[in-house]
Amino acid sequence: MTAWVLHVDMDQFLAAVEIQRHPELAGKPVVVGGRGDPTERAVVSTASYEAREFGIRSGMALKIAVRRCPEAIFLPVDFPVYEAVSAKVMQALRDFPGAVVELLGWDEAFVGIDSEDPMETAHAVRRAVFDATGLHCSVGVGDTKMRAKVATDLGKPRGVFRLTRDNWLEVMGDRPVKALWGIGSQTSKRLESHGIRTVNDLAATADDVLAAEFGPNTGPHIGRLGRGAGSAVVDDTPWIARAHGHETTYQQDLTTPDAIRAALGDLAALVEKDLRQEQRPCQRVHLKIRFAPFFTFTRVRKLPEPTYDPAVIVDTAFALYTKLADDRPVRLLGIRGEMVPPEGGYDAPRTHGRRGNP
DNA sequence: TCTGGGGTCCTAGGACCC
DNA sequence: TCTGGGGTCCTAGGACCC
């Protein structure tokens, strides 16, 4: 038996859940995002495949989406419903014989499993998820997490694809580096300035070149991404949060210090609730702020001592805002409360949202 | 043509200490 | 006139992911 990494990813997850409970939407362009009002400041969370044909993508402003497809159906994001469906998906994976499940998000997970026929196992996982939820997913099969994760996209929708050391460059070599998990637009640009555009280019680049550009740690890490290398260990240890935060984009910009302080108060109350639930006080306060139009700042301040007190959190956040000495209108505010580490630290694994070098 | 809300980790450099 | 070497803590800022 050989150990394999499967990456399971739901197809058009939010749209699929909405279509399931509103069957009359099947086959139509459906866009889930914000409060479902495309005149508001909000972005697309998920677009159905029909909506994607109009060029609508997740992360796109709803105002642009509605321009691309005026007849699309816009629906609000309904967190509790997706969370319940997500739990069913993950339970189906955990119930799969021999599976070790590591959550990556609402709608995706790594599954570690021993198999002689991983493609057949992947199809069986697809069936298990469909039987439990009535929803379709795609599955990537790999000999590392990186390869499994990238393979899933090649299998979509409702399919299975395998990437291993043997076919990695054959399949991925001519694709742009941005197709890799962990390389975004900025890293892509910096690589391009060295003439590195494709996965082949990156895989052939010496570590010391990358280290000179990105640092001794990140440089070689990026090189490993190009080769599809990396960890193959799937770890089901529960995730421990480092921080909890809340942010809001205001439909009308905030223009006075009083309005900003009041808005910070609302956010601090939400953060306090999370911290108390977690029973870990806040040790550092992060302020995130976007001035109209598009300048985003974050600022951090350590607290003299850990606290749950929302008044302290607000005062700290407001002080950070004042220090910016910028009286432009404010479009977005966020407060993140970084918690004291749990007993024993963070040696338990953590995958959610992680970019770290494996 | 406009930009969510939830996260995590990395690098650089200054302050300070021995 | 020149200016250690090692360490920790902190802030600013960047990047990426779902």
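So you know, we letter chains A, B, ... as the sequences are listed, proteins then strands, and number each from 1. What you see is a predicted model, and the numbers here were worked out from it, not measured in a lab.
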Enquirer: Could you give the distance from NE2 (A/His286) to OG1 (A/Thr298), rounded to the nearest 0.5 Å?
Expert: 8.5 Å
Enquirer: Using a 3.5 Å limit for the pairing distances, which stems of at least 3 consecutive Watson-Crick or G-U wobble pairs does DNA chain C take part in?
Expert: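 Stem segments, range with range: B:5-18 with C:5-18.
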Enquirer: Just checking A/Gln186: base, sugar-phosphate only, or nothing, at a heavy-atom cut-off of under 4.0 Å?
Expert: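 Sugar-phosphate, no base atom in range.
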Enquirer: Using a 4.0 Å heavy-atom cut-off across all strands, classify A/Gly215 as base, sugar-phosphate, or nothing.
Expert: nothing
Enquirer: Please check the phosphate of B/dG6 (OP1 and OP2 only) for any side-chain N or O of A/His244 closer than 4.0 Å.
Expert: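 Indeed not, no polar side-chain atom of A/His244 lies that close.
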Enquirer: Name the residue closer to the 5' end of DNA chain B, choosing between A/Gly219 and A/Thr248 according to the nucleotide with the nearest heavy atom.
Expert: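 Looking at DNA chain B, the more 5' nearest nucleotide goes with A/Thr248.
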Enquirer: Please report, rounded to the nearest Å, how far the P atom of B/dG6 is from the CG atom of A/Leu103.
Expert: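 Distance check: A/Leu103 CG to B/dG6 P gives 19 Å.
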Enquirer: Nearest whole Å is fine: how far is C/dA15 P from A/Leu225 CG?
Expert: 16 Å
Enquirer: In terms of side-chain heavy atoms of A/Trp181, which of C/dC16, B/dG4, C/dC18 is nearest?
Expert: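 For A/Trp181, the side-chain atoms sit closest to C/dC18.
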Enquirer: Measuring to OP1 and OP2 of B/dG4, would you say a side-chain N or O of A/Thr249 lies under 4.0 angstrom away?
Expert: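 Checking A/Thr249 against B/dG4: at least one side-chain N or O falls below 4.0 Å of OP1 or OP2.
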Enquirer: Let me know the distance between CZ of A/Phe291 and P of B/dC2, rounded to the nearest Å.
Expert: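 Rounding to the nearest Å, CZ of A/Phe291 and P of B/dC2 are 21 Å apart.
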Enquirer: Please work out if A/Arg301 contacts a base, only the sugar-phosphate, or nothing of the nucleic acid, heavy-atom cut-off 4.0 Å.
Expert: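 Sugar-phosphate only.
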Enquirer: Heavy atoms from C-beta onward define the side chain here; which of B/dG7, B/dC10, C/dC18 lies closest to that of A/Asn217?
Expert: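 Shortest atom-to-atom distance from the side chain points to B/dC10.
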Enquirer: Compare the minimum distances between each of B/dG5, C/dC18, B/dT8 and the side chain of A/Ala243, then state the nucleotide with the smallest one.
Expert: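 Taking heavy atoms from C-beta onward, the closest nucleotide is B/dT8.
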Enquirer: Without decimals, in angstroms, what is the distance between A/Glu247 CD and B/dG4 P?
Expert: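 My rounded result for the distance is 8 Å.
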Enquirer: Are any of A/Arg242's side-chain N or O atoms less than 4.0 Å away from OP1 or OP2 of B/dC9?
Expert: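 Indeed, a polar side-chain atom of A/Arg242 lies that close.
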Enquirer: So, is A/His246 close to the B/dG5 phosphate, meaning a side-chain N or O under 4.0 Å from OP1 or OP2?
Expert: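 So the side-chain polar atoms of A/His246 never come under 4.0 Å of the phosphate oxygens OP1 or OP2 of B/dG5.
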Enquirer: More 5' along DNA chain B: A/Arg336 or A/Val43, using each one's nearest nucleotide?
Expert: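 It is A/Val43 whose nearest nucleotide is closer to the 5' end.
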Enquirer: Remember a base hit wins even if backbone is also touched, and classify A/Gly34 as base, sugar-phosphate or nothing at under 4.0 Å, heavy atoms.
Expert: nothing
Enquirer: Please give, in whole Å, the distance from C/dG14 P to A/Glu213 CD?
Expert: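 After rounding, the gap between these two atoms is 15 Å.
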Enquirer: Quick check with a 6.0 Å cut-off and a 45 degree axis cone: is A/Arg261 positioned over the face of A/Phe318's six-membered ring?
Expert: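 Relative to the ring axis of A/Phe318, which defines the angle, A/Arg261 lies inside both limits.
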Enquirer: Please pick, from B/dG4, B/dT1, B/dG7, the nucleotide with the shortest atom-to-atom distance to any side-chain atom of A/Ile64.
Expert: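 Side chain of A/Ile64 sits closest to B/dT1.
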Enquirer: Step by step, would you call A/Arg175 with A/Leu154 a side chain to side chain contact (heavy atoms under 4.5 Å, CB included)?
Expert: CA-CA 12 Å; A/Arg175 294 177 191 256; A/Leu154 303 172; 3.5 Å; yes
Enquirer: With a non-hydrogen cut-off below 4.0 angstrom, is A/Lys323 in contact with a base, only sugar-phosphate, or nothing?
Expert: sugar-phosphate
Enquirer: If you check the A/Arg284 side chain, which of C/dT11, B/dC2, B/dT11 turns out closest?
Expert: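 Shortest atom-to-atom distance from the side chain points to C/dT11.
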Enquirer: Indicate yes or no: at least one non-hydrogen side-chain atom of A/Asp274 is less than 4.5 angstrom from one of A/His246.
Expert: yes
Enquirer: Nearest whole angstrom, please: distance from the C1' of C/dC16 to the NZ of A/Lys189.
Expert: 14 Å
Enquirer: Counting only side-chain heavy atoms from C-beta out, which of C/dC16, B/dT1, B/dT11 sits nearest to A/Thr187?
Expert: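 Looking only at heavy atoms from C-beta outward on A/Thr187, the closest nucleotide is C/dC16.
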Enquirer: Give a yes/no on whether any side-chain N or O of A/Lys302 is located under 4.0 angstrom from OP1 or OP2 of C/dC10.
Expert: yes
Enquirer: Measure the acute angle between the ring planes of A/Phe297 and A/Phe291, then classify it against the limits of 30° and 60° as parallel, tilted or perpendicular.
Expert: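 Correct class here is perpendicular.
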Enquirer: Taking CD from A/Glu338 and P from C/dC10, how many angstroms apart are they, rounded to a whole number?
Expert: 11 Å
Enquirer: Could you tell me if the side chain of A/Phe96 sits less than 4.5 Å from the side chain of A/Val111, heavy atoms only?
Expert: no
Enquirer: Verify the neighbour count for atom CZ of A/Arg276: are there more than 12 heavy atoms of other residues, nucleotides or ligands below 6.0 Å?
Expert: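 Enclosed.
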Enquirer: Tell me: NZ of A/Lys149 to P of C/dC17, nearest whole Å?
Expert: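 Whole-Å distance recorded here is 9 Å.
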Enquirer: Just wondering, more than 12 heavy atoms not from A/Glu24 lying within 6.0 Å of its CD?
Expert: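 Count over threshold, so yes.
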Enquirer: Please confirm whether the shortest side-chain N or O distance from A/Ser185 to OP1 or OP2 of C/dA15 is below 4.0 Å.
Expert: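 The answer is no; no side-chain N or O of A/Ser185 sits under 4.0 Å from OP1 or OP2.
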Enquirer: Is it the case that over 12 heavy atoms from other parts of the model lie below 6.0 angstrom from the CD atom of A/Glu305?
Expert: no
Enquirer: Using a heavy-atom cut-off of under 4.0 Å over every strand shown, decide if A/Leu320 touches base, sugar-phosphate, or nothing.
Expert: nothing
Enquirer: Taking the P atom of each, how far is C/dC18 from B/dC2, in whole Å?
Expert: 27 Å
Enquirer: Between B/dT1 and C/dC17, how far apart are the two P atoms, rounded to whole Å?
Expert: 28 Å
Enquirer: For A/Gly228, does its backbone N or O pair with a side-chain atom of A/Thr144 as donor and acceptor, under 3.5 Å?
Expert: yes
Enquirer: Out of C/dG13, C/dC18, B/dT11, which has the shortest distance to the side chain of A/Thr218?
Expert: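 Nearest nucleotide to the side chain: B/dT11.
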Enquirer: Is any side-chain N or O of A/Lys288 closer than 4.0 Å to OP1 or OP2 of C/dG13?
Expert: no
